[in-house]
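Report on one structure; see the data block that follows.
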Amino acid sequence: MPLPVRLSCGVLGVLALAAVFGPLLPVRNPYAQDLMAALRPPGAPHWLGTDQLGRDLLARIVIGSRFSLLIGLGAVAVGLTGGVPFGMVAGFYGGWVDALFTRVIDVLLAFPGIILALAVVAVTGPGIGNLTFAVGLRTLPVLARVARGQTLALRNREFVDAARALGCRPWEILARHILPNIGGSLVVVASLQTATAVLIGATLTFLGVGASPEIPEWGAMLNAARPYMLRYPHLILVPALTLMVVMMAFNVAGDYLRDRLDPYASTAS
Amino acid sequence: MLLHYVVRRVIHLIPTLLAVSFIVFALVRMIPGDPALAIAGPEATPEIIAEIREALGLNRPLLTQYAGYLAGLLRGDLGASIRTHQPVWADLWLRLPATLELAAAGMLISLAAGIGLGVAAALRPGSWTDMSARFLSLFGVSSPTFATGLLFMLVFGYYLRLFPIAGSGGARYLVLPAVTAALTSVAFLTRLTRASLIEVLAQDYVRTARAKGLALYTVVAKHALPNAVIAPVTVAGLEFGRLITGVVVLETIFARPGIGKMLVDAIQFRDFPVIQGLILVFAVMFALVNVGVDLAYAVADPRIRLG
């Protein structure tokens, strides 16, 4: 494994540990305000400094990791549960089902970039759950297309014919015989989509439409820091660099996984 | 033949845009509970709620509402803002140039820089140039636009004082947001151009051209590049979608009076006529750019329009 990939796995490991065990780690309360200690630069006792309300930035970054990861993984889960069955059925049956599939996916993809997610959040209002659903709709078409394409490639193979000859019902063929064979590609695309989902989630909270500004989510932290950034640059440097390092790790690890496991996915995403 | 292709492509667009318009129409109706109450907020008087219900046409049957909405769209009527009572078009029309300016500048920078860097990297794989291009593209792919926007503002606007920090008016105000907006797309286009040119350079006809004694420059410029840029140009439509995300974010950061900032403000105020109008405009813009890209592709590659 090349060094950059090892480093990236390390970063992702730290992220996962911080997300799971955050509250157990020896960090301060990320919500506790201390106006006497507001806007401190990095240094003891606040290793990454404090924000405009005197909240400890290190604690907010550590606890914030769970929001980022929760949104990223949750959104991909939405995309997988909604997109994969739909894509598999479309690829398996073809015909009008497939035509309908193409139409629906075209419509979802007709909204550029984060516009669809913005529309959903406008309707549902802010909140982590709503945000996750909104971002999930963005990952759904990508995952659905991979599922469709892979199923299409497998549906006339001998093992499918054999299963049919043995009397398997269509859903059994899809769930027991085709799904295990397309799982690898789905995992690779899903891992790359997790990175995208984390990014879109943070963009929405940065715009102030995704979640309450109280929450120590990284995008929301950057948004709250904007009025103070010129005099207290650590307020934006800390969350911005954290996000960049995490995104780089996701991309390096995702690319490596893709090159190793699945040549097909490079054209699918 | 080309005209035939254009017509087919535009006709193909109609059902998708109709579906988009229905979704946009349905947005207000999907608000949980009473939409008029949700929009008006908890302190609204019954009169205001009734006024909003009337303004949005929520009293009539659903299909009648949609027919009316569609008829309005065809007349160029996007409704009126709940907040300012001004027609949505009026404000949109004033702000559209700022957005188009940023999107066009971002697109030009990303195509020029992406293809340029990709070519430089592909000509000397493994070299210092190639390594820097690869690192730059990793940086671009991994950097959230809002984070780089703020960092660029801090470094190039505040510390080095090379460009204005915020606002609009003139090319100097455009540089920072346009470069930031282009960054992610540059990354993708560099990767794609590099991969595609390396593949083309390995083809037999390139070897033949070199064997005839043509200079490397001539072979790349005349034989390899036209084939290698087809891949980055086809994804330019997709990149435009990415760019729209950047535009929404950067208009907010750099206080540019465009329709992206207008959309974010409208969502915060739950001003649904404005939200609906802007989402529709973004989708139509995206569709038109994609048709444009497909046309450019068809002109460049006869296999597409004849196939």
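What you see below is based on every heavy atom in this structure, not just the backbone, and it leaves out hydrogens, waters and symmetry mates. So you know, we letter chains A, B, ... as the sequences are listed, proteins then strands, and number each from 1.
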Test log, rule side-chain contact (heavy atoms from CB on, under 4.5 Å), inputs A:Thr205 and B:Phe146: CA-CA 11 Å; A:Thr205 54; B:Phe146 54 90; over 6 Å; no
Criterion side-chain contact (heavy atoms from CB on, under 4.5 Å) on B:Arg191 and A:Asp255, from CA distance to verdict: CA-CA 12 Å; B:Arg191 280 184 176 191; A:Asp255 281 352; 3.1 Å; yes
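- Of the two parts of B:Phe240, neither the backbone nor the side chain holds a non-hydrogen atom closer than 4.5 Å to a non-hydrogen atom of chain A.
- The shortest side-chain heavy-atom distance between A:Leu118 and B:Phe282 does not fall under the 4.5 Å cut-off.
- Of the atoms belonging to B:Ile165, it is side-chain heavy atoms, and not backbone ones, that fall under 4.5 Å from chain A.
- Other residues, nucleotides and ligands contribute over 12 non-hydrogen atoms within 6.0 Å of the CD atom of B:Gln268.
- With a 4.5 Å cut-off on non-hydrogen atoms, B:Val289 does not touch chain A at all.
- In this structure, no portion of B:Leu238 lies under 4.5 Å from any heavy atom of chain A.
- Of all the heavy atoms in A:Pro112 and B:Ala283, the pair that sits closest is CD-CA, 4.1 Å.
- Annotation for A:Phe133: atom CZ does not count as buried by contact number, only 12 or fewer foreign heavy atoms lying within 6.0 Å.
- Side chain of B:Ser142 to backbone of A:Met244: no donor-acceptor contact under 3.5 angstrom is found.
- Note that the CG atom of B:Leu150 and the CZ atom of A:Arg226 stand 6.5 Å from one another [nearest 0.5 Å].
- Each of B:Val248, B:Leu278, B:Leu280 was compared with A:Ile115 under the side chain to side chain contact (heavy atoms under 4.5 Å, CB included) criterion, and only B:Val248 meets it.
- Of the atoms belonging to B:Ile275, it is side-chain heavy atoms, and not backbone ones, that fall under 4.5 Å from chain A.
- At a 4.5 Å heavy-atom cutoff, the contact between A:Leu109 and chain B is made by backbone atoms alone.
- With a 4.5 Å cut-off on non-hydrogen atoms, B:Ile23 touches chain A through its side chain but not through its backbone.
- For B:Ile244, the part lying under 4.5 angstrom from a heavy atom of chain A is the side chain only.
- Neither the backbone nor the side chain of B:Thr145 has a heavy atom closer than 4.5 Å to any heavy atom of chain A.
- Note that OG1 of B:Thr252 and CZ of A:Phe206 are 7.0 Å apart. Values are rounded to the nearest 0.5 Å.
- Your options are A:Val245, A:Leu237, A:Val209, A:Asn223, and the one with the most heavy-atom pairs under 4.5 Å with chain B is A:Val209.
- For A:Arg103 (side chain) and B:Pro15 (main-chain N/O), no donor-acceptor pair under 3.5 Å exists by modelled atom type.
- Only the side chain of B:Tyr158 comes within less than 4.5 Å of a heavy atom of chain A; its backbone N, CA, C and O stay farther away.
- Interface residue A:Ile236: only side-chain heavy atoms are found under 4.5 Å from chain B.
- For chain A, no part of B:Arg29 is nearby; none of its heavy atoms comes within less than 4.5 Å.
- Ranked by heavy-atom pairs shorter than 4.5 Å toward chain B, the options A:Leu243, A:Asp106, A:Leu230, A:Leu222 are led by A:Leu230.
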